[in-house]
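The next block holds one structure in the form of structure tokens; read it before the comments.
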2 protein chains.
Amino acid sequence: MPQPDSPDPARASVASPWDGVADRLRASGLRWTPQRRNLVEVLREHEGHVTATDLIARCRELDGTTTPSTVYRTLDVLENLGLVRHGHAADGREEYHVLPEHVHGHLYCVGCGTTWEIRPETGALIVDALAADLGFSVDLTHVTIAGRCEGCQE
Amino acid sequence: MPQPDSPDPARASVASPWDGVADRLRASGLRWTPQRRNLVEVLREHEGHVTATDLIARCRELDGTTTPSTVYRTLDVLENLGLVRHGHAADGREEYHVLPEHVHGHLYCVGCGTTWEIRPETGALIVDALAADLGFSVDLTHVTIAGRCEGCQE
DNA sequence: GTCGCTATTGCAACGCGTTGCGCTACGATC
DNA sequence: GATCGTAGCGCAACGCGTTGCAATAGCGAC
């Protein structure tokens with residue numbers, strides 16, 4: 001029965017994707033712990049791109065006893081629920097995309113350090129090109145492509 | 001004066017790109033050390049893709065005292081000479097491309113673990129698409145795109 | 001051949017991410 | 001409300017990659 005089971009009607013009307021997390025976890029035999037509550041709280045304020053390091057730092061502000069391994073493990077769980085996706089930035093660090101509405105790849109400018117989203121149409125073009133090349137089915141979300149943005153080319 | 005300065009005529013006829021390395025280093029005020037000689041020796045036998053870890057392991061076989069930091073630093077130097085390029089594999093680890101004849105990107109299959117090269121024409125298509133999108137000038141060599149190869153899709 | 005400058009080395013320590021393990025505490029059941 | 005199986009926690013240790021520093025050793029100059 002996919003009816004909203006949040007006990008708070010005011011919040012239910014907002015229909016944040018985070019609202020059902022606790023129940024979705026429990027429905028799979030998983031648990032809703034203070035540490036996970038904290039992480040979700042942090043993710044709420046970070047819709048967009050965050051590095052794992054940032055998330056860990058923010059979680060520790062809320063609860064000094066939080067350990068990195070817990071954060072990483074919880075992020076795995078949330079990724080299985082489709083609430084975050086992780087990828088590797090150009091320097092190989094982990095980067096999390098919160099609540100991706102649509103699948104998109106990323107561009108990282110080595111000049112100014114900005115991360116840009118690849119527009120869906122352009123992404124589709126890339127996916128098609130690689131499919132035609134080797135029959136490859138690409139997972140764009142996992143990738144950050146390095147280069148220089150318009151403003152950073154001499 | 002760009003004449004071959006290798007003292008060995010037999011070797012000069014082979015014209016391996018590695019032959020001039022020692023002199024190219026010295027010409028820039030850099031030095032030719034036993035550790036660098038070993039690394040070059042290892043790279044010679046590895047034309048293609050290698051992980052930094054593999055390189056370090058092979059170097060230690062030749063000389064047990066070699067330390068990781070030395071290998072990484074020497075790889076940086078060789079990258080400046082254009083003899084290797086490094087990128088990040090799908091899992092974020094470092095991967096080196098030895099003697100890249102042409103600029104090419106990489107595809108990593110999460111199914112079978114194989115790394116594939118993106119054909120130059122397809123690569124150019126991707127570069128063009130991103131240039132048209134955001135005016136982005138892409139460095140394809142630095143990137144590995146994850147996905148599933150033809151044989152690994154159900 | 002010797003000297004001296006300095007690039008390079010090895011070491012040690014750090015940061016990021018992952019993994020194995022024993023203990024804790026969530027939450028279903030009674 | 002009390003019990004209990006187990007998911008999840010913190011901890012400690014590991015592997016990869018990087019960096020600062022003191023000691024070493026290329027190599028050009030004399």
Side-chain angles (χ1 to χ4, degrees), chain A residues 5 7 21-40 49-60 62-81 84-96 142 144 146, chain B residues 5 7 21-40 49-60 62-81 84-96 142 144 146:
Chain A
D5 35 12
V21 183
D23 299 291
R24 288 180 65 191
L25 284 171
R26 279 191 278 258
S28 316
L30 306 176
R31 292 173 188 174
W32 185 235
T33 66
Q35 293 85 346
R36 291 184 176 179
R37 183 185 300 273
N38 278 338
L39 179 54
V40 166
H49 310 119
V50 219
T51 63
T53 312
D54 287 343
L55 291 174
I56 292 169
R58 283 288 300 128
C59 282
R60 297 197 81 120
L62 295 180
D63 175 1
T65 70
T66 306
T67 58
S69 55
T70 300
V71 177
Y72 282 110
R73 282 188 278 231
T74 302
L75 284 168
D76 283 347
V77 171
L78 295 178
E79 185 155 16
N80 285 335
L81 294 182
V84 301
R85 311 241 359 167
H86 86 282
H88 295 279
D91 61 356
R93 297 236 236 126
E94 298 244 315
E95 195 172 46
Y96 284 84
H142 201 81
T144 296
Chain B
D5 36 12
V21 183
D23 297 292
R24 288 180 64 192
L25 284 172
R26 279 192 279 258
S28 315
L30 306 175
R31 292 173 188 174
W32 184 236
T33 66
Q35 294 85 345
R36 294 187 173 175
R37 183 186 301 273
N38 278 337
L39 179 55
V40 165
H49 310 119
V50 219
T51 64
T53 312
D54 287 343
L55 290 174
I56 293 168
R58 283 289 297 128
C59 282
R60 297 197 82 119
L62 295 180
D63 174 2
T65 70
T66 306
T67 57
S69 56
T70 299
V71 176
Y72 283 111
R73 283 190 278 229
T74 301
L75 284 167
D76 283 347
V77 171
L78 295 178
E79 185 156 15
N80 286 334
L81 294 183
V84 302
R85 310 241 1 168
H86 86 281
H88 296 279
D91 60 356
R93 298 238 237 125
E94 298 244 315
E95 195 172 48
Y96 284 84
H142 202 81
T144 297

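Protein chains get the first letters and strands the later ones, always in sequence-line order, with residue 1 at the start of each.
For the helix from C:dG1-D:dC30 to C:dC30-D:dG1, the axis fitted to the five pairs at one end and the axis fitted to the five pairs at the other end meet at an angle of 10° (nearest 10 degrees).
Each of B:Gly29 and B:Ser69 has a nearest nucleotide on DNA chain C; the 5'-most of these lies closest to B:Gly29. Projected onto DNA chain D by closest heavy-atom contact, B:Asp76 and A:Arg36 fall at different nucleotides, the more 5' of which corresponds to A:Arg36.
Scanning both residues, A:Leu39 and A:Val71, for their nearest heavy atoms gives CD2-O, 4.1 Å. Minimum heavy-atom separation, B:Val77 to B:Arg36: CG2-NH2, 4.0 Å.
A straight line from NE2 of A:His88 to C1' of C:dT18 spans 12 Å, rounded to a whole angstrom. Atom CZ of A:Arg37 is separated from atom C1' of C:dG27 by 14 Å (rounded to the nearest Å). One interatomic measurement links the two molecules: CG of A:Leu25 to C1' of C:dA28, which rounds to 16 Å at whole-angstrom precision. Taking atom CG on B:Leu78 and atom P on C:dA7, their separation rounds to 17 Å, with Å as the unit. Following rounding to the nearest Å, B:Leu75 (CG) and D:dT19 (P) show an atom-to-atom distance of 14 Å.
Contact annotation: the side chain of B:Thr70 never approaches that of B:Thr33 to less than 4.5 Å [non-hydrogen atoms, C-beta and beyond]. Looking at B:Leu78 and B:Val21, their side chains come closer than 4.5 Å, going by heavy atoms from C-beta outward.
Considering B:Glu95, B:Arg93, B:Glu94 in turn, B:Arg93 is the only one that fulfils the side chain to side chain contact (heavy atoms under 4.5 Å, CB included) rule with B:Thr53.
Contact between the side-chain N/O atoms of A:Gln35 and the OP1/OP2 oxygens of C:dA25 is not found at any separation under 4.0 Å. Contact between the side-chain N/O atoms of A:Thr67 and the OP1/OP2 oxygens of D:dC11 is not found at any separation under 4.0 Å.
To the nearest 0.5 Å, atom CG of residue B:Asn38 and atom CG of residue B:Asp63 are 5.5 Å apart. Taking CG of B:Leu75 as the reference point, atom OH of B:Tyr96 lies at 4.5 Å (rounded to 0.5 Å). In this structure, A:Asn80 CG and A:Arg24 CZ are separated by 10.5 Å, a value rounded to the nearest 0.5 Å.
Take B:Arg26 and apply the salt bridge (charged side-chain N to carboxylate O under 4.0 Å, His left out) test, not counting sequence neighbours, and it matches B:Asp23. Looking at residues two or more places apart in sequence or on another chain, you find no side-chain contact (heavy atoms from CB on, under 4.5 Å) involving B:Pro34. Shown here are the salt bridge (charged side-chain N to carboxylate O under 4.0 Å, His left out) partners of B:Arg58, two or more places apart in sequence or in another chain: B:Glu45, B:Glu61.
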Close N/O contacts between protein and nucleotides 15-17 of chain C (under 3.5 Å):
unit_1: C:dG17; atom_1: OP1; unit_2: A:Glu94; atom_2: N; d: 2.8
unit_1: C:dG17; atom_1: OP2; unit_2: A:Thr53; atom_2: OG1; d: 3.3
unit_1: C:dG17; atom_1: OP2; unit_2: A:Tyr72; atom_2: OH; d: 2.4
unit_1: C:dG17; atom_1: O5'; unit_2: A:Tyr72; atom_2: OH; d: 2.9

Could you list the protein-to-nucleotides 27-30 of chain D atom pairs, N/O on both sides, closer than 3.5 Å?
unit_1: D:dC27; atom_1: OP1; unit_2: B:Arg26; atom_2: NH1; d: 3.4
unit_1: D:dC27; atom_1: OP1; unit_2: B:Trp32; atom_2: N; d: 2.5
unit_1: D:dC27; atom_1: OP2; unit_2: B:Arg26; atom_2: NH1; d: 3.3

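Of the candidate nucleotides C:dT19, C:dC26, C:dG10, C:dT19 has the atom nearest to the side chain of A:Arg73.
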